[in-house]
Amino acid sequence: MLPSDLRTTFNPFRSQNTVMKQHIADLIHQAIDALKTAGEFDSDLVAHVQIDNTRDKQHGDLACNVALTLAKVARRKPRDIALLICQHLPQSDSVTKTEIAGPGFINFFISQDATQAVIGRVLSEAEKFGRNHSGAGHKVQVEFVSANPTGPLHVGHGRGAAYGASLSNLLETAGFQVEREYYVNDAGRQMDILAASVWLRYLQLAGTEVVFPSNGYQGDYVNDIAQQLHQQAGDRLKHSTTAVMADLHADAPAGDKEKHVDDLIVRAKSLLGEADYDLVFDAGLNSIRDDIKHDLHGFGVDFDQWFSERSLGQNDQINRAITKLQEKGHVYEDGGALWFRSTEFGDDKDRVVKRDNGQTTYFASDIAYHLNKFERGMDTVINVWGADHHGYITRVKAALQALGIAPDRLVVKLVQFAILYRGQERVPMSTRSGSFVTLRALREEVGKDASRFFYVTRKAEQHMDFDLELAKSESKDNPVYYIQYAHARICTLIRKLADKNMAWDSNMGLEQLERLSEATEIALMQQIELYPEVIAHAAKNHEPHQVAHYLKDLAGNFHSYYNAHRMVIDDAQLRNARMCLCMAARQVIDNGLGLLGVDAPEQM
RNA sequence: GCGCCAGUAGCUCAGCUGGAUAGAGUAGCAGGUUCCGAUCCUGUUGGUCGGGGGUUCGACUCCCUCCUGGCGCGCCA
């Protein structure tokens, strides 16, 4: 038996079948078994029975290709096999007809009774409809956003936030125990630059004349933080211009802006002393982190854990991780630095974990961090990263492997960047031009629902054009409103019925489902029936965009139905049956939008 | 140079892990509501799935090779 941390990734997802697909598959297995008994097939023949939804309803509702896949091993023509199977299929109330078509497909036509039954399941399972237990008993952590706390989130982070949040929700509906985590990069040089920036702005407010470094953080938010700090600490952190600015490397353009800012950091530390430097540092960190937290909350994204990078160093976890690698013989010294021999695990080159000046690298923190994740008992860890980090995957997986953790227990999802458009015009997003759009600005302009929806309508690896005008438009062009409108329409029906003393009677409706036989009604029911497998498939493949596309189709089915038939009618039996169908559709829209972090409003 | 992601209708994108005649939305065209919300519905035009080979009963999907675009290849974080 393998040690527990060497076990491979649990793969809970086998074929996720709907009730009906499973039933058909069972029928086919029974037929094949009967044919084995009859001597038509070898008794050791193994059939992989796959049931597909048909694209064209002329091909029935469900189709099976088993006759084609068996042709070779059974050494018979596919159509002959299909015929044999059909002749041995047990009777089923759910199947009205089977046909052999094309090269040897077996098409199944499902009875209306069986199709209508989904309505009762949706109404009784309600918000639980669509869930499954394939991930039961497994802990998975989803780490996402994790933007440096050196400034507000911008629209580039929004896609990762929307994707990670929806993915987490999806995994939960698949039965996983999910932990949502934000890794706070609160250590390192960038944070020191922020602290120095805050202090210099503070000095300016306190009346000390200093020149702000070109490499400092220029944003207005730094001023706000400095102002708060000044109110809080008074002039206690003040120093003279000469004390601050003397003997520094010159700033750009004449000098080196990197050396200049590094000198300022050293100066801040020496003039302020450790305690006061930490005060300034924490003022910046806490303010920005709280701001990010607040921003994300407004975006419908909340985390279970905000994991501090600094805590790794404070608890000596970085050195412990390096030592662990050393003990296993994967570390060597060269040029005064410590190197992890990652090439042994497929990396292009070895990587430094401890610099010649004794400082550990960011990579070393990341090794410790990922070790920590698994030590916390995660079976699987999912990292949602920006596409620019893909070069990093190999070395992190190499480190895990070196530490005895199966690398496939870490799954990295890369999210491509989104390019903003305002109609035809591309919105410049460079930080330098100062015109980059914050996530907050996006939320204020476009709204949470449309932003969340737009971010996840494209699959994550796909480059994406995000049109602000389209997302903003409250019209038919905008899919999120199209879906929400369907939901609101159904809610309006309920209100309408109450006004007319015709309140929806679900029991009567459920007894009369056989009255629902219009083409648009059947189509809507069939679409509803697909929901659980769409969810399962989306969870399995980490693809929330499938939910978005499904919901668009579902809303389309509803609107067609609504337009073709009336629900508020005198025939109480038919009226209540139709309302059962509408309310089932409403429930599925509600459930699906919920996964995507989009509200399902009762009126628009 | 090496590696990762992408290339599907004029535009924005799906395509259920290899299945039947490649689908939506939008744009274009032609229609529909005295009605429960027209933020809606119906019909229709539009494709050498980047190019070329290969694998097999069958390829947008898998393999090879070229072309194009994005990103990455630090003792930065």
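Chain letters run A, B, ... following the sequence lines, proteins first, then strands; residues in each count from 1.
For Ala572(A), the side-chain contact (heavy atoms from CB on, under 4.5 Å) criterion is met by Met508(A), Arg575(A), Asn576(A), not counting sequence neighbours. Residues forming a side-chain contact (heavy atoms from CB on, under 4.5 Å) with His390(A) (at least two apart in sequence, or on another chain): Ile393(A), Leu414(A). Applying the side-chain contact (heavy atoms from CB on, under 4.5 Å) rule to Ala82(A) yields the partners Ala67(A), Ile100(A), Ile106(A); only residues at least two apart in sequence or on another chain are considered. When the ring pair (Phe, Tyr, Trp, His ring centres under 6.0 Å) test is applied to Tyr183(A), the partners found at least two apart in sequence or on another chain are Tyr369(A).
With both ends at atom P, the span from C16(B) to A6(B) equals 13 Å, rounded to whole Å. Comparing the P positions of G58(B) and A14(B) gives a spacing of 29 Å, expressed to the nearest Å. C11(B) and G51(B) are spaced 15 Å apart, taking the P atom of each and rounding to whole Å. G50(B) and G69(B) have their C1' atoms separated by 11 Å, with the value rounded to a whole Å. A gap of 24 Å separates the C1' atoms of G53(B) and U17(B), to the nearest Å. G74(B) and G18(B) have their C1' atoms separated by 43 Å, given to the nearest Å. Nucleotides G10(B) and C49(B) place their P atoms 12 Å apart, quoted to the nearest Å. Of the C1' atoms belonging to C60(B) and U48(B), the separation is 13 Å, rounded to the nearest Å.
Between the side-chain ring of Phe105(A) and the base of G19(B), no stacking contact exists by the 5.5 Å and 30° definition. Here Tyr481(A) does not lie in a stacked arrangement on the base of U39(B), lacking the combination of planes under 30° and ring centres under 5.5 Å apart.
Both Thr54(A) and Leu414(A) lie close to RNA chain B; mapped to their nearest nucleotides by heavy-atom distance, the more 5′-ward contact belongs to Leu414(A).
Between Phe558(A) and His487(A), the ring centre distance reaches or exceeds 6.0 Å. Taking the six-membered ring for Trp and the full ring otherwise, Phe340(A) and Tyr332(A) have centroids separated by 6.0 Å or more.
Here U17(B) is the nucleotide among A14(B), U17(B), A24(B) with the atom lying nearest to any side-chain atom of Lys540(A).
A sub-4.0 Å separation between OP1 or OP2 of G15(B) and a side-chain N or O of His545(A) is present. The phosphate of U42(B) has OP1 or OP2 within less than 4.0 Å of a side-chain N or O from Ser560(A). For Gln462(A), a side-chain nitrogen or oxygen approaches OP1 or OP2 of A14(B) to under 4.0 Å. Put simply, Gln58(A) has no side-chain N or O that comes within less than 4.0 Å of OP1 or OP2 on U21(B). Under 4.0 angstrom from either OP1 or OP2 of G37(B) there lies at least one side-chain N or O belonging to Lys496(A). Within the structure, a side-chain polar atom (N or O) of Arg489(A) is placed less than 4.0 Å from OP1 or OP2 of A38(B). The shortest distance between the side-chain N/O atoms of Lys72(A) and the OP1/OP2 oxygens of C57(B) is below 4.0 Å.
Side chain to side chain, Tyr182(A) and Glu143(A) fail the donor-acceptor criterion of an N or O pair below 3.5 Å. Side-chain polar atoms of Gln603(A) and Tyr485(A) form no donor-acceptor pair below 3.5 angstrom.
Remark: C57(B) base-pairs with G19(B); criterion is Watson-Crick or G-U wobble with both hydrogen-bond distances under 3.5 Å. When both pairing distances are held under 3.5 Å, G3(B) makes a Watson-Crick or G-U pair with C71(B). C29(B): Watson-Crick or G-U partner is G43(B), with both key distances under 3.5 Å.
Contact of Asp52(A) with A20(B) (side chain to base): no donor-acceptor pair of N or O atoms is detected under 3.5 Å.
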Sugar-phosphate or base contact per nucleotide [nucleotides 70-77 of chain B; S, B, -; heavy atom under 4.0 Å]: SBS-SBSB
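Near RNA chain B, defined here as any heavy-atom distance below 4.0 Å, the residues from residues 564-583 of chain A are His565(A), Arg566(A), Met567(A), Val568(A), listed numerically.
Syn is the glycosidic conformation of U17(B), whose angle stays within 90° of 0.
Panel note: side chain His559(A), backbone Tyr482(A); a donor-acceptor pair is recorded below 3.5 Å.
Separating the CG atom of Leu554(A) from the C1' atom of A14(B) is a distance of 16 Å, rounded to the nearest angstrom. Nucleotide G19(B) holds its C1' atom 7 Å from the CG atom of Asn65(A), rounded to whole Å. Atom NE2 of His537(A) is separated from atom P of A14(B) by 14 Å (rounded to the nearest Å). The distance from atom CD1 of Ile490(A) to atom P of G37(B) is 13 Å, rounded to the nearest whole Å.
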